[in-house]
Amino acid sequence: MNTPPHAQDDDAPRSPLLNLLIMVTLATVVVACWYLLDYYLRDSQDDVTWYPPSGDCELRDEPCEASLGLGAQMVFGVGSDLSPTMTLPLTVALQGVEANAVTVEFVGRNMPMGLHRFPLKKVGPGTFVGEGQIDRCSEAVMPWRAQVVVETDKARRGSWFDFEVVRRH
């Protein structure tokens, strides 16, 4: 019985080297997907050295300051209207540290409100700006925390600033 040539090729066993290359490729794809998911979904607190803010400060009234260690300073401001769903102008001014990127995250202090991460754009030496937004909450007064993360070539440093948002009717 004559069989077409392609039928014989379909029945031939694969080379062990080809099987190995397929397995290595699949393993590489799985590791790459895991890394990307971990990178985009992880909390920034995992690898950040945190520094406390410098004294009491009310973000609604003025920008707040924090030392980032080794002579580095940060000043963070959000504007004066801390209202839910309103666009907030975010500014970070740095001294004594060369940053590659700056990110601001808003997190609920007493209630999980999801991750609100806003990367800022460098507009000058040590100056980063952007826009952010906080969610509406059913509570009359919602305590929030702004976590500012500064990424350098060597490390990630950050500070936090607590504030409250009063719900308007």
Asks: Quick check on the hydrophobic clustering: are Leu26 and Leu18 connected, directly or via other members, by side-chain heavy-atom contacts under 4.5 Å?
Replies: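 Leu26 and Leu18: one cluster.
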
Asks: If you compare all heavy atoms of Met142 against all heavy atoms of Gly108, which two are closest, and at what distance to 0.1 Å?
Replies: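 The pair with the smallest heavy-atom distance is CE-CA, 3.6 Å.
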
Asks: Donor-acceptor check, side chain of Arg157 to backbone of Val97, threshold 3.5 angstrom: yes or no?
Replies: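 Side chain of Arg157 to backbone of Val97: no pair is present.
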
Asks: Can any side-chain N or O of Ser159 pair as donor or acceptor with the backbone N or O of Tyr51 at less than 3.5 Å?
Replies: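 Side chain of Ser159 to backbone of Tyr51: a pair is present.
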
Asks: Any side-chain heavy atom of Phe128 sitting closer than 4.5 Å to one from Leu90?
Replies: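 Heavy-atom side-chain distance check fails, nothing below 4.5 Å.
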
Asks: Within the supplied structure, the quantity of interest is the number of heavy atoms (other residues, nucleotides, ligands) at a distance under 6.0 Å from Asp56 CG; does it exceed 12?
Replies: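 At most 12 heavy atoms, drawn from other residues, nucleotides or ligands, come within 6.0 Å of this atom.
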
Asks: Does Trp160 reach the side chain of Pro53, with side-chain heavy atoms less than 4.5 Å apart?
Replies: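 They are in side-chain contact.
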
Asks: Would you call Gln147 and Val107 a side-chain contact if the rule is heavy atoms closer than 4.5 Å?
Replies: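 The answer is yes; the side chains approach within 4.5 Å.
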
Asks: Quick check: closest heavy atoms across Ser67 and Ser54, and the distance to 0.1 Å?
Replies: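 Shortest heavy-atom contact: N-OG, 3.6 Å.
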
Asks: If Ile, Leu, Val, Met, Phe, Trp and Tyr residues are connected whenever their side-chain heavy atoms lie under 4.5 Å apart, and connections chain through other members, are Val123 and Met74 in the same group?
Replies: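 Cluster IDs for Val123 and Met74 differ.
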
Asks: Rounded to the nearest 0.5 Å, how far apart are CG of Asn100 and CG of Asp153?
Replies: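 Between Asn100 CG and Asp153 CG, I get 4.5 Å after rounding to 0.5 Å.
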
Asks: Could you tell me the separation between the CD atom of Glu62 and the SG atom of Cys57, rounded to the nearest 0.5 Å?
Replies: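 Atom-to-atom, Glu62:CD and Cys57:SG are 4.5 Å apart.
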
Asks: Is atom CD of Gln95 surrounded by more than 12 heavy atoms (other residues, nucleotides or ligands) closer than 6.0 Å?
Replies: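 Count not over threshold, so no.
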
Asks: Compare all side-chain heavy atoms of Glu164 with those of Arg60 and state whether any distance is below 4.5 angstrom.
Replies: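 The answer is no, as the side chains (C-beta and beyond) never meet within the 4.5 Å cut-off.
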
Asks: Do you reckon Met111 sits in the same ILVMFWY cluster as Phe106, going by side-chain contacts under 4.5 Å, direct or chained?
Replies: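 Yes.
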
Asks: More than 12 heavy atoms of other residues, nucleotides or ligands under 6.0 Å from CD of Glu98: is that the case?
Replies: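 Check fails, neighbour count at 12 or below.
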
Asks: With rounding to the nearest 0.5 angstrom, report the CZ to CD distance, Arg156 to Glu151.
Replies: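 It comes to 4.5 Å.
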
Asks: Yes or no on side-chain contact (heavy atoms from CB on, under 4.5 Å) for Leu59 and Phe76, after CA distance, side-chain angles and deciding distance?
Replies: CA-CA 8 Å; Leu59 277 173; Phe76 172 62; 3.9 Å; yes

Asks: Could you check whether any side-chain heavy atom of Thr91 comes within less than 4.5 Å of a side-chain heavy atom of Thr127, counting everything from C-beta outward?
Replies: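 Counting from C-beta outward, Thr91 and Thr127 never come under 4.5 Å.
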
Asks: Any chance you could measure Asp162, atom CG, to Glu58, atom CD, to the nearest 0.5 Å?
Replies: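 If I round to the nearest 0.5 Å, the distance is 10.0 Å.
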
Asks: Honestly curious: do Ile134 and Val129 fall in one hydrophobic cluster under the side-chain, below-4.5 Å linking rule?
Replies: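 Result: no, two separate clusters.
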
Asks: How long is the span from the CG atom in Leu68 to the CD atom in Gln73, to the nearest 0.5 Å?
Replies: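 That separation rounds to 7.5 Å.
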
Asks: First locate atom CD of Glu105, then atom CZ of Arg145, and finally report the distance between them rounded to the nearest 0.5 Å.
Replies: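 Glu105 CD to Arg145 CZ: 12.0 Å, rounded to 0.5 Å.
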
Asks: Is there side-chain contact between Val75 and Val92, with at least one heavy-atom pair below 4.5 Å?
Replies: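 A side-chain contact is absent here, since even the closest heavy-atom pair is not under 4.5 Å.
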
Asks: Between Val102 and Leu94, is there a side-chain heavy-atom distance shorter than 4.5 Å?
Replies: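 SC-SC contact between Leu94 and Val102 confirmed.
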
Asks: Classify the ring geometry of Trp144 against Phe163: parallel below 30°, tilted from 30° to 60°, perpendicular beyond 60°.
Replies: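 Aromatic pair Trp144/Phe163 classed parallel.
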
Asks: Is there a side-chain contact between His116 and Val104 (heavy atoms, below 4.5 Å)?
Replies: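 Side-chain contact under 4.5 Å: no.
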
